[in-house]
Undergrad: 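One structure, pasted below without further comment.
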Amino acid sequence: MATVHREAIQKQIQQDWANREYIEVITGSVKKITDFLNSFDMSCRSRIAVLNEKLTILERKIEYLEAWVTKGETMN
Amino acid sequence: MPRKCLICTSKSTSNITLFQKRQKNNFSVNAKSSVTRVCCICGVVDAGISQFKTVVDITVYKEEPQPALTTDYNVSTCDQKEMVFINNTHNNKVVDSISSNVCTTSARTGNCSSRFMENIPTPYLKTPQRPKQYLDIVWERINDLCKHNEQLQRENKKLKRKILKTKEMTTEKVSLTDALSNVDVLDELTLPDEQPCIEAQPCSILYQANFDTNFEDRNGFVTGIAKYIEEATVHASLNEILEEGLKHSVMLYTWRCCSRAIPQPKSNEQPNRVEIYEKTVEVLGPEVNKLLSFMYFQRKAIERFSAEVKRLCHQEKRKDFVSEAYLLTLGKFINMFAVLDELKNMKSSVKNDYSTYRRAAQFLKVMSDSHTLQESQNLSMFLAIQNKIRDTVKENLEKIPGYEELLADVVTLCIQMFETKMYLTPNEKHMLVKVMGFGLFLMDNELCNINKLDQKKRLNLNKIDRIFKNLEVVPLFGDMQIAPFNYIKRSKNYDASKWPLSCSANISPQADLMVHLPQIREDHLKYISELARYSNEVTTTYKETRTDTENKDTTDLALRGLQLLSEWTGVVTELYSWKLLHPTDHHQNKDCPQEAEEYERATRYNYTGEEKFALIEVIAMIKELQVLMSKMETVFTDAIRRNIYAELQDFIQIILREPLRKAIKNKKDLIRSILMSVRETCADWQRGVEPQADPALKGKKDPESGFGIKVPRRNVGPSSTQLYMVRTMLESLIADKSGGKRTLRKDIDGQYLMQIDQFHKTSFFWNYLLNFSDSLQQCCDLSQLWYREFYLEMTMGRRIQKCNVRHQHNEECSDLITMEKRIQFPIEMSMPWILTDHILRTKEPSVMECVLYPLDLYNDSAHYALTVFKKQFLYDEVEAEVNLCFDQFVYKLSEQMFSYYKQLAASILLDKRFRVECVARGTYYLPYPRANRYETLMRQRHVQLLGRSIDLNKLITQRINVDMLKSLELAISKFEAGDITGTVELDGLLKVNRLCHKLLSKHLALDDYEAMLREANHNILAPYGRITLHVFWELNYDFLPNYCYNAATARFVKCREISFTQPVHRDKPPQMGHQYLWGSKPLNLAYTTIFGQYTGFVGSPHFRTICRLLGYQGIAVVMEELLKIVKSLIQGNILQFTKTLMEAMPKVCKLPRYDYGSPGVLGYYHAQLNDIVQYPDAKTELFHNFRELGNTILFCLQMEQALSQEEVCDLLHAAPFQNIFPRPFCKEGEKPETKQKRLETKFAALHQAMIAREGDLLTRERLCCGLSIFEVILARLRNYLDDPIWIGPPSLNGVMNIDECTEFHRLWSALQFVYCIPVGENEFTVEELFGEGLNWAGCAMITLLGQQRRFEALDFCYHILRVQRVDGKDENVKGIVCNFDEHLKRMVDRIRRFQVLNSQIFAVLNKYLKTGENDSLSIEHVRCFPPPIHPSITTVHSHGHYYRPEHIHQMVQHNH
């Protein structure tokens, strides 16, 4: 009986290892997803910044050209 | 059978079959298909029997944070979770209580709202809170589980990944393998981020899984030795007390004085005093409750501690083995008491607040019952008595016999751990030192003398002395510290001779960063290169699994990295603490003013420049390495788990077999049972159970072929409790100090002892490694560099001596009430800013790229304020400071960037020979600006600061745009403040600005240069810019009236002697910084010198620059305006003068015969023209008017020429674009064709023929058909000469006037006669006064009137010249100018000179006027006259005719 009991416990311990491994794998994957999201975020930010810069240039150019062409009439 | 979903109670569940291919992912669990129930609503997997579950919830909080630990599946807030993984573990006896939370909000990620106010639960809880019934539930379930064991085994583990695709949350079959490979695929997505990484770890989402169960799962390990399971229970509760203690210490440290802000009733008669007191009680009530709970806590903690000590000091127990972990926990208690006591002593505001509360409460009689009164009395005493906690602990301990022995063990353990570096974070290191100090203090009393313990070799005071010297000041919180020597000095039996270093004057190595720096640098370099090599290897090669050795190496690498980081962080924080305790003063530091504040003396003036650089360097190293390591975190953690698993299992399953065999054989039952317990607690057998056939279990030898045990491999480490159990049990085997009792060591062979010992040592760090991300963060925590609660409290309420705000100080500065109370320190005293500012101030290129690292200290501090201090006001203060600092930072940075690029541009354009000459003469040294690394900073597009993402590039661009515009505006303003000669300098300035713009545009998206120039020139809305207007203004008011032209130099020079106009008033040049001009002071000086050369004259360089600056439009405008002036001149003044003078002219003035001789002719003319000669205004105003006219004509001519040159240059520049190349030079034997071809290919890339062709269309057109501005100008001038006075009445003879003085040229002849008369000494000639503009005006008018030939033939002066040439006489003619011997000769010389000049002028004018005459259309109108018939044709014919002078000369000689 004792052996059976011991074996049961050993198996449970083994099962515990397996479960925890599963959790670790999932956690690790979530971590990877998090890392991905972070670098995705950074990448997007940099690309959006570049886009923003281009838009700003265009806006300023339009403002300048508008002022030039209309001689300031539409500036009010 | 329909079943309800356990989560959302929906009945719509469906069965799906999962197929798990786990082998590929190293799952050793057998793959089996199973039926799984999936809820259609919430998508949760339910595997049928749900007795026992472990839920890992990865929660992204949307609204309300929830404690993440769930012991069962009842996740009621399903809607709050975006993904839920449920893992059914049926064959599980051990409950893993796991909380793995996603902290969406952190200091780095922002959105820090009021939820971080104190007491509001934060989503990031390190240790999850557990319900009290937890234990019972666990027990019940374990029993249940055992009963249902058979049944449970039939069930397999089921995995499910849920993908939410649509709003209806449709489910789809996804195997774990697929899910994991999906995650792996994420790596392959390219995410370009083109900015160099020079900032600390940027992250928007912070994910930290925390698997620390705080021994909750201890009962799972029933096979462990009961004593240690019991001990684990104790540990768990002690840990909770420690955690509470931390909360109280945080409460004390962050205590801000409230009573100061509360109004105090001035007198007893004040009507609203009841109200005031009521409010006081209301406000301070919650705070006082905190103090009360603190008092109760310390009482409880001391009791608990004493009880533990008492238990362990029991005589029987003393003999027993006490584990290292236990002793360490006791040490932590000692540390906690020390810290709490120190904080309580230092914080006087706590006492003040309480007494305020008490006064109010007593007045209102709130504390009526005796219990409350007593409590209040106790608290009052508790707060008032210094060192109360310390003394109580000591008092309590002294009642326990033999406590000092136990404390000595604790202290010895601390020494040992300190020396063998058995700690990871700096905090732990400091804890050890504090425990040593406070422990010794507690031990030392009348009965027990620590010196005696030293003699008994129980303690080694010498070692402690050294440790204390090395760490004289231990950081506590922020700006608070403990000096461990103070404990020793305060103890009863302090003997200075035993502590030689405690009084030594030597400065602790802690105070000197420089001694550590070389080592740190070396370590950093070595480690970084190793990490880089490893990182490359990992990213380039893909391996399914790595070998054990590789994993071990990686684990070692990770641990070494953590240790290095911790060491460096320690060095920084220890230096900071030491400096805080040792402030400087005006004697030690010359820069420190006498009235400097305390905090200022401790921070701002307390570091030398070198130290600041060193600090920056070390901080940069820490942050940089942190980024690198966290980038590799997944790789590291993977290797760490595999390595730890392998080492643990190998050790337990293989290595422990031998001592086990021996113990069984020798019947050492205790050892056997311990070893068996160790094996059963954490062995993960290949087949699920221990191999029964193992001969070692029977104490027998292995068979010859060996007994093969295959140890499995997994990607998981032991749970924290498991690790504790294994380590403690093994420790009990090898412990050699179990109080006199026979140790187990003796029964184990030496080699096994060594192995066990080694394992014990290695496994110490496993906990840290398994919590890698947390450990990494703690090792790099530099947040305390900002906190200054202690100094704030000290300064609070003290009057600030001087106003630190930079402004015009006024009376308010000295009597403002707000100035009296220091609410926060200015940024100049704040460490992060001191370091940032140091970089900005020194502009040191080597650390320029590190400038974002000191700023990241704010992130650390803010993170700490949110996660540990949990105080909104601290976060707000950090935020406020960051707002201020960052503005300053961007302002200073962009300013110096602009100035750097301006200097660079100016240096590039500076004349090379001038530079060489300067160096040779040593006048001034003009180095190129030191190359600096601004590019990297300019490429930063997302800097993370307090959760905000800042586009640094954009901010810098904005500022530099403004600077650039200002620079151009100032250049023009400078020009406006000077005369016309400034054009060259203006052009130079614009060139430098253009180059600067070009250099900056490589990195920044600045506005178009041309657009900026137009804006600065006010040329967008107005048709003409400031430059054009000023050029015209200067021409009109200064150039035309004041300058004299000289054809020999082709320059105009200002007539300085006499001015015919009002002096010109110009605006003063604006004050401007060096960076707006040429960049720096030496460059300004150099350029001023260079351009100084151009200020004395107006010549071709000026005209060329005017051409460039004005452009076609500007030139046209200027000329048009000039013509208007000329028109008014000609038709106004000059016409008036002409009319007046024509009256004065003789009606007839003949050419006298040669026979009169030259003096006679001169005399004749002088007599005839006397009225003109005597006319007062002729030599002044009239000539001045003519000069203005002439100067205008000359200006137009020069502009024409300059424009032509510019255009030719343009054409040449455009040529290669249009595939037009100069003929290449060929040596002998070379073919020009091949060279030509080579040129063509070389310039093929430039081929933009269309644009270039269009560009120079105008230029070409002009040059081809000879379009000339000057010609047009002359034509316009001709039109202005429409008055009859210029031509006079038609000649009487019908051909031409000869002797009559009616035409303009006669008048000009008279004027020429006037100015040809030589002047006396000290008188100015017309050349000096008016220059050649005068002649140009006359000649131009004559030419335009078509009187050139007549003028040349009939001019008075020319006649005199001709006659004088013949007779060569030279004598004084009376009445003209006396006292001149060579008078006639001089006059003739002048005439000759003017004649040459006039003919030159005529030639030039005719060249421009006659250009159209080659045209075939123009017909030359020639009037033919018959030769005159004279009756006396045969007699004297020679005198009637005009002969050329030389001819006459010959004739005269012949006659003679």
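Every chain is numbered from 1, with letters handed out A, B, ... down the list of sequences. Just so it is clear, the structure is predicted and the values come from calculations on it, not from any experiment.
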Undergrad: How about Asp193(B) and Ser43(A): does a side-chain donor come under 3.5 Å of a side-chain acceptor?
TA: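 Judged by distance alone, the side chains do not pair up.
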Undergrad: Name the member of Val50(A), Ile48(A), Leu37(A) that forms the most heavy-atom pairs with chain B at distances under 4.5 Å.
TA: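 When all of Val50(A), Ile48(A), Leu37(A) are compared, Val50(A) has the most.
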Undergrad: Would you say the side chain of Ile9(A) lies within less than 4.5 Å of the side chain of Glu680(B), judging by non-hydrogen atoms?
TA: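 No - every pair of side-chain heavy atoms lies 4.5 Å or more apart.
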Undergrad: Output the distance between atom NZ (Lys32(A)) and atom OH (Tyr207(B)), rounded to the nearest 0.5 Å.
TA: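 Here the rounded value is 12.5 Å.
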Undergrad: Just verifying a value: how many Å separate Arg6(A) CZ and Gln692(B) CD, rounded to the nearest 0.5 Å?
TA: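 Taking CZ in Arg6(A) and CD in Gln692(B), the distance rounds to 6.5 Å.
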Undergrad: Within the 4.5 Å heavy-atom criterion, are Ile1020(B) and Tyr64(A) side-chain neighbours or not?
TA: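 Yes, their side chains come closer than 4.5 Å.
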Undergrad: Between Arg941(B) and Arg45(A), is there a side-chain heavy-atom distance shorter than 4.5 Å?
TA: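 No, every pair of side-chain atoms sits at 4.5 Å or beyond.
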Undergrad: Pick one of side chain, backbone, both or neither for Gln686(B), based on which atoms fall under 4.5 Å of a heavy atom in chain A.
TA: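 Only the backbone of Gln686(B) comes within 4.5 Å of chain A.
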Undergrad: So which part of Thr681(B) gets closer than 4.5 Å to some heavy atom of chain A, the side chain, the backbone, both or neither?
TA: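 Interface part for Thr681(B): backbone (N, CA, C, O).
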Undergrad: Dump the intermediate steps for side-chain contact (heavy atoms from CB on, under 4.5 Å) on Arg60(A) and Asn961(B), then the final yes or no.
TA: CA-CA 11 Å; Arg60(A) 291 180 68 91; Asn961(B) 243 338; 4.1 Å; yes
Undergrad: Check whether any side-chain heavy atom of Trp685(B) sits under 4.5 Å from a side-chain heavy atom of Ile13(A), and report yes or no.
TA: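 No, side chains not in contact.
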Undergrad: Passes side-chain contact (heavy atoms from CB on, under 4.5 Å), Thr957(B) versus Thr56(A)? Steps please.
TA: CA-CA 11 Å; Thr957(B) 309; Thr56(A) 315; over 6 Å; no
Undergrad: Quick one: pull up CG in Asp1008(B) and CD1 in Ile57(A) and give me the separation to the nearest 0.5 Å.
TA: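 So the gap between those two atoms works out to 10.0 Å.
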Undergrad: Is the side chain of Asn38(A) donor-acceptor paired with the backbone N or O of Ile205(B) at a distance under 3.5 Å, no angle test?
TA: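 Indeed, once roles are kept as given, a pair shorter than 3.5 Å links the two residues.
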Undergrad: With side-chain contact (heavy atoms from CB on, under 4.5 Å) as the test, would you mind laying out the steps for Leu189(B) and Phe36(A) before giving the verdict?
TA: CA-CA 9 Å; Leu189(B) 286 172; Phe36(A) 167 77; 3.5 Å; yes
Undergrad: Please step through side-chain hydrogen bond (donor to acceptor under 3.5 Å, both in side chains) for the pair Gln722(B) and Arg20(A), ending with a clear verdict.
TA: CA-CA 12 Å; Gln722(B) 219 169 10; Arg20(A) 279 189 295 108; 2.8 Å; yes
Undergrad: Could Arg714(B) and Glu24(A) be called an ion pair, given the rule that one side-chain N must be under 4.0 Å from one carboxylate O?
TA: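 Not counted as a salt bridge, because no side-chain N and carboxylate O are separated by less than 4.0 Å.
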Undergrad: Could you check if a side-chain atom of Thr27(A) sits within less than 4.5 angstrom of a side-chain atom of Thr637(B), using non-hydrogen atoms only?
TA: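 No, too far: nothing below the 4.5 Å cut-off.
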Undergrad: Take Leu191(B) and Met42(A), measure what side-chain contact (heavy atoms from CB on, under 4.5 Å) needs, and give me the verdict at the end.
TA: CA-CA 8 Å; Leu191(B) 295 169; Met42(A) 289 299 122; over 6 Å; no
Undergrad: What closest approach, in Å, do Asn715(B) and Glu21(A) show between heavy atoms, and which atom pair accounts for it?
TA: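 In terms of heavy atoms, the two residues are closest at N-OE2, 2.8 Å.
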Undergrad: What's the spacing between Asn1019(B) CG and Trp68(A) CH2 if we round to 0.5 Å?
TA: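 Output value for this atom pair is 8.0 Å.
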Undergrad: Does a side-chain heavy-atom distance below 4.5 Å link Gln649(B) with Trp17(A)?
TA: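 SC-SC contact between Gln649(B) and Trp17(A) confirmed.
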Undergrad: Of the listed residues (Glu633(B), Glu1015(B), Gln940(B)), which shares the most heavy-atom pairs with chain A below a 4.5 Å separation?
TA: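 Of Glu633(B), Glu1015(B), Gln940(B), Glu633(B) has the most heavy-atom pairs under 4.5 Å with chain A.
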Undergrad: Checking Arg1014(B) against chain A: side chain, backbone, both or neither under 4.5 Å from a heavy atom?
TA: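 It is the side chain, since no backbone atom gets that close.
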Undergrad: Is Leu1006(B) close to chain A through its backbone or its side chain, or both, or neither, when contacts mean heavy atoms under 4.5 Å?
TA: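 Neither part.
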Undergrad: At a heavy-atom separation under 4.5 Å, does Met676(B) approach chain A through its side chain, its backbone, both, or neither?
TA: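 Side chain only.
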Undergrad: Check this for me, if you would: do Arg47(A) and Glu194(B) make a salt bridge, where the nitrogen-to-carboxylate-oxygen distance has to be below 4.0 angstrom?
TA: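 The answer is no: the pair does not qualify as a salt bridge.
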Undergrad: Quick one: OG on Ser630(B) to CG on Asp35(A), what's the gap to the nearest 0.5 Å?
TA: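 Taking OG in Ser630(B) and CG in Asp35(A), the distance rounds to 8.0 Å.
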Undergrad: Would you confirm whether Gln14(A), through its side chain, and Asp684(B), through its main-chain N or O, come within 3.5 Å as a donor-acceptor pair?
TA: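 Judged by distance alone, no pair lies under 3.5 Å.
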Undergrad: Looking only at heavy atoms, which two atoms of Ser29(A) and Val183(B) are closest? And how far apart?
TA: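 Nearest heavy atoms, Ser29(A) then Val183(B): O-CG1, 3.7 Å.
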Undergrad: Nearest 0.5 Å, what's the OG1-CG distance between Thr70(A) and Leu1021(B)?
TA: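 CG of Leu1021(B) is found 7.5 Å from OG1 of Thr70(A).
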